[in-house]
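The structure appears below as structure tokens.
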Amino acid sequence: MPDLEPEEFRRLGHQLIDWVAQHRGGVDSLPVQPGIVPGSVRAQLPQTLPEQPSRSLGDELVALLDDVVVPGSLQWQHPGFFGYFPANSSLLSLLGDIASGGVGAQGMLWSTSPAGTELEQTLLDGMAVALGLGARFTFAGGGGGSLQDSASSACLAALLAGLHRSHPGWRDSGVRGTETVYVTAETHSSVAKAVRVAGLGGQALRIVPFAPGTFAMSPAALADLLAEDVAAGKTPVMICPTVGTTGTGAVDPIREIATVAHAYGAWVHVDAAWAGVAALCPEFRYLLDGVQLVDSFCTDAHKWLYTAFDCSFLWVADAKALPAALSITPEYLRNAATDSGEVVDYRDWQVSLGRRMRALKIWSVVNGAGLEGLRETIRGHVGMADSLARRIVDEPGFALAVPPSLSLVCLHLLDSHGRPDDDATKAAMQAVNAEGHSFLTHTTVNGHYAIRVAIGTPATQPVHIDRLWAALLRAYQLPRRS
Ligand SMILES: *Cc1c(COP(=O)(O)O)cnc(C)c1O
């Protein structure tokens, strides 16, 4: 079966780029949430695959996008998208994405894509400096960074490095069953998943209490739990503080946690999937205070740093740690560059063997926006969150569920006694979502239903916050339960 001729690709490619430009230009006029029931997309699709090549591939693709994909998708790039965390897919990053597929290199080894490997190394060194992580996380400093598919994979890789450090025999004999991993009740579920995937079993996950009155890990409680566990014959392998938890944006104190962890030799992995990129702005760097003391640090480019999924930064302080845990070299992958020990083979930094040139996405974003452009965007989002939070504080009947964290605002509607009103809060969220111009999701805070407003798509402007706030005020006027 012949591929497209390059000239034919040029024609179809232009048609597709035109479609993307048109779609993005008009995304604000679409409902954010699709009005779709399960199975309705499948029902629109042919149930058998074509035997013959299409004679009008471009038109058919555009029709599929217009008729099926767009109406059947949540519009994550809509300026009124405030759900979950953002999944920025900037047009800038799409340039790098296309370039990556266009070159089509598979960068499992340095020798299979020297440019991809060294571009990635260079960009990650630069980003480590830009985030203020310190020279320790650069290749020159003995550490280094890699681009993973997701924060979930990064956490699994870090856990495997931690397991290896605690028990190098792990590679042959497997886990011992005494390993423990420390998180809080706010920690992302991907850590619990990594613990299970690594074969530690869910019981290995230890939930450290919060510091009083916060949703942040208590270093004192961590110290107590570690002492208790070690006395009971457990082996602490990883401690995972979060900077910016998914529910409420809580920030675990890295410095104190790392200091406690060091006495036990446990690997400290910082999960800053959403919030970490804010450290590009010096005024938010305090959130990472103590990061110089940890073993690994992860933040997603694909949440709040303009980069189309998937693209997650993972830095380690010891460049040998991940290869020590993960490297396996069958004969067919042997090569002189690897044997020389002078190159990074990124397959040794991740679970899967193959990998794309994600660095091209980061290159287009960083060069297209400049660090100053990225900082401006982050500051803009944080400023919009502050303005929304002020309105909530000033409006009787509304309250912040927790203090705003960067660009994340969590709120309740209140009952006539000034207590969180779960039913009214939920009804307000549903009413706003039903209006179609904004999209909100929820969490629970102290057992109460709370609306999360996560601000962060590239297109979101103050006018979209005004529109959301007006809808929340309208929703407040809905018939209230007494
Ligand atoms: C979103 C999120 C994750 C998971 O991110 P992926 O890159 O989708 O795997 C992990 N931790 C936190 C704190 C998150 O917000």
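As the structure lists them, so they are numbered: ligands from 1, and atoms in each ligand from 1. Quick note: numbers below take in every heavy atom, side chains included, and nothing from hydrogens, waters or symmetry partners.
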Quick one: is the NZ or CZ of R379 closer than 6.0 Å to the six-membered ring centre of F284, and within 45° of its axis? no

Flag [X] as yes when one of its N or O atoms lies below 3.5 Å from any N or O atom of ligand 1, and as no otherwise.
X    : value
D300 : yes
H302 : yes
S312 : no

Which residue supplies the protein heavy atom nearest to [atom], what is that atom called, and how far is it?
atom                    : value
atom 9 (O) of ligand 1  : S152 OG, 2.6 Å
atom 4 (C) of ligand 1  : H188 CE1, 3.4 Å
atom 2 (C) of ligand 1  : K303 NZ, 2.2 Å
atom 11 (N) of ligand 1 : D271 OD2, 2.6 Å

Without hydrogens or angle criteria, can the side chains of S312 and S150 be said to hold a donor-acceptor pair below 3.5 Å? no

N-O pairing of E179 and R206 below 4.0 Å: no

If the cut-off is 4.0 Å to any non-hydrogen atom of [X], which atoms of ligand 1 fall inside it?
X    : answer
S190 : 10 (C)
G244 : 13 (C)
A273 : 2 (C), 3 (C), 10 (C), 11 (N), 12 (C), 14 (C)
F85  : 15 (O)

Mode of A151 contact toward ligand 1 - side chain, backbone, both, neither (heavy atoms, under 4.0 Å): both

Any side-chain heavy atom of V393 sitting closer than 4.5 Å to one from F398? no

Using only atom types and a distance under 3.5 Å, with no angle test, would you say the side chain of R452 pairs donor to acceptor with the backbone of T443? no

Given R358, which of D97, D149, D310 fulfils the side chain to side chain donor-acceptor pair (under 3.5 Å) condition? D310

Considering residues, nucleotides and ligands other than W170, do more than 12 of their heavy atoms fall under 6.0 Å from its CH2? yes

Quick check on A275 - does any of its heavy atoms sit under 4.0 Å from an atom of ligand 1? no

Applying a strict 4.0 Å limit to heavy atoms, is T245 in contact with ligand 1? no

Take the angle between the ring planes of Y84 and F439 and call it parallel below 30°, perpendicular above 60°, tilted in between. tilted

Parallel, tilted or perpendicular, judged at 30° and 60°: which one describes the rings of H302 and F309? tilted

